[in-house]
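What follows is a set of notes on a single structure, which appears directly below.
Below, read A as the first sequence line, B as the second, and so on, with proteins coming before strands; counting in each chain starts at 1.
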Amino acid sequence: MLKIATYNINGINARLPVLLQWLQEAKPDIVCLQELKAPGERFPLAEIQAAGYQAVWHGQKSWNGVAILSRSLPIQEVGRSLPGDKDDVQSRYLEAVVGQIVIVCLYCPNGNPYPGEKFEYKLKWYKRLTAHAKKLLAHDVPVILIGDYNVMPTTLDVYKPEKYVNDALFRTEVRAAFDGLLKQGWTDAIRHLYPEETIYTFWDYFRRAWERNAGLRIDHFLISPHLRDRLSRGGVDKHVRGWEKTSDHAPVWIELK
DNA sequence: ATGTCGCTCATGGAGCGA
């Protein structure tokens, strides 16, 4: 059994006690982290290693930043930029072979406010991701695209869909881009396991969103066709969102046979 | 518009992104 998790930690140094506590109790084999909000040299490698994990990371000062952790399987980094725009300097992509699986850690652009430059950047980023995802599928090896997609795929994934019609996380253009990935053959693992349930992975810090369960499902695992039959369980470690000094996201995980 | 966080700059908060 292989347990793979994703967690937008919103600042790895501010979040380190929470991250270590969760690693200790959840014991995932592989973890994708987003929003490190730290340059490469400020990644807390010693503490991560002391917790029993190897790591590769792609940091950036102030914003973004992604990492892949592994407990026992070796990690071999194979890429740290999403192909298609060599002028894009934002650290939102990290690709590695972990054991026998290609693990892609993603932090898709937020895109707000809509309309605007940031929204256009998000759409372009999704175009690049779609092109690259197609190539990954063509390699015909097990791949998982993991991370914060900054999109709620359906109305089931938003506490109040009507409030989000002009939000960059729910605009039809972005949902269509996500749908395009599914049409390529990727499977939204959590939705596959729970076709009907309301599941959230993010609760805003604002307006007592956590207390009101005003949540969004924006952290996803897209698994390649090879892995669909190996998918056994999945869930959200929702209680972590209730901890002190916690992220606005909760960790999400799946298990593969 | 607002709310709350985390980060940076080079302050003793302000501005930005989410």
Hey, is CD on A:Gln76 packed in by over 12 heavy atoms from elsewhere, all under 6.0 Å?
no
d(CG, A:Asp204; C1', B:dG6) in whole Å:
14 Å
Separation of A:Trp243 atom CH2 from B:dC5 atom P, in whole Å?
18 Å
Just jot down the side-chain contact (heavy atoms from CB on, under 4.5 Å) partners of A:Pro225, sequence neighbours excluded, or say none.
A:Leu137, A:Arg228
Starting at the 5' end of DNA chain B, which residue's closest nucleotide do you reach first, A:Asn64 or A:Leu36?
A:Leu36
What is the minimum heavy-atom distance between A:Arg171 and A:Asn166, and which atoms define it?
NH1-OD1, 2.7 Å
For the ring pair A:Phe178 and A:Tyr149, is the centre-to-centre distance below 6.0 Å?
yes
Ranking B:dG6, B:dT8, B:dA18 by distance to the side chain of A:Pro39, first place goes to B:dT8
Side chain of A:Asn13 - closest among B:dC7, B:dA18, B:dC5:
B:dC7
Determine the contact category for A:Arg208: base if any of its heavy atoms lies under 4.0 Å from a base atom, sugar-phosphate if only primed atoms, P, OP1 or OP2 are that close, otherwise nothing.
nothing
Grab the OH-C1' distance between A:Tyr205 and B:dT2 for me, whole Å please.
18 Å
Can you tell me which nucleotide in B:dA18, B:dG6, B:dT8 comes closest to the side chain of A:Ala14?
B:dG6
Whole Å only: how far is the NZ atom of A:Lys122 from the C1' atom of B:dG17?
14 Å
Check against side chain to side chain contact (heavy atoms under 4.5 Å, CB included), A:Arg128 and A:Asp88
CA-CA 11 Å; A:Arg128 290 160 59 198; A:Asp88 186 356; 2.8 Å; yes
On the six-membered ring of A:Tyr107, is A:Arg92 placed so that its NZ or CZ lies under 6.0 angstrom from the centre and within 45° of the ring axis?
yes
To the nearest angstrom, the CG-P distance between A:Asn10 and B:dC7 comes to 8 Å
Donor-acceptor under 3.5 Å (A:Asn13 side chain, A:Arg42 main chain):
yes
With rounding to whole Å, what would you report as the distance between B:dA14 and B:dA10 at their C1' atoms?
12 Å
Return the orientation label for the A:Tyr114 and A:Phe119 ring planes: parallel under 30°, perpendicular over 60°, tilted otherwise.
perpendicular
Quick check on contacts: within residues 105-121 of chain A, what sits under 4.0 Å from DNA chain B by heavy-atom distance?
A:Tyr107, A:Asn110, A:Lys118
Taking atom C1' of B:dA18 as reference, at what distance in whole Å does atom CD of A:Gln90 sit?
13 Å
C1' spacing across the pair B:dC7 / B:dT11, given as an integer number of angstrom
14 Å
Do any side-chain nitrogens or oxygens of A:Lys37 fall under 4.0 Å of OP1 or OP2 in B:dT8?
no
Could you work out which one of B:dA18, B:dT8, B:dG6 sits closest to the side chain of A:Phe206?
B:dA18
Nearest whole angstrom, please: distance from the C1' of B:dA18 to the CD of A:Gln34.
14 Å
Between B:dC5 and B:dA1, how far is it from one P atom to the other, in whole Å?
23 Å
Roughly, in whole Å, what's the span from CH2 in A:Trp63 to P in B:dT8?
8 Å
Using the P atoms only, state how far B:dG15 lies from B:dT2, rounded to an integer number of Å.
13 Å
Per nearest nucleotide of DNA chain B, the residue lying toward the 5' end, A:Asp148 or A:Ser62, is A:Ser62
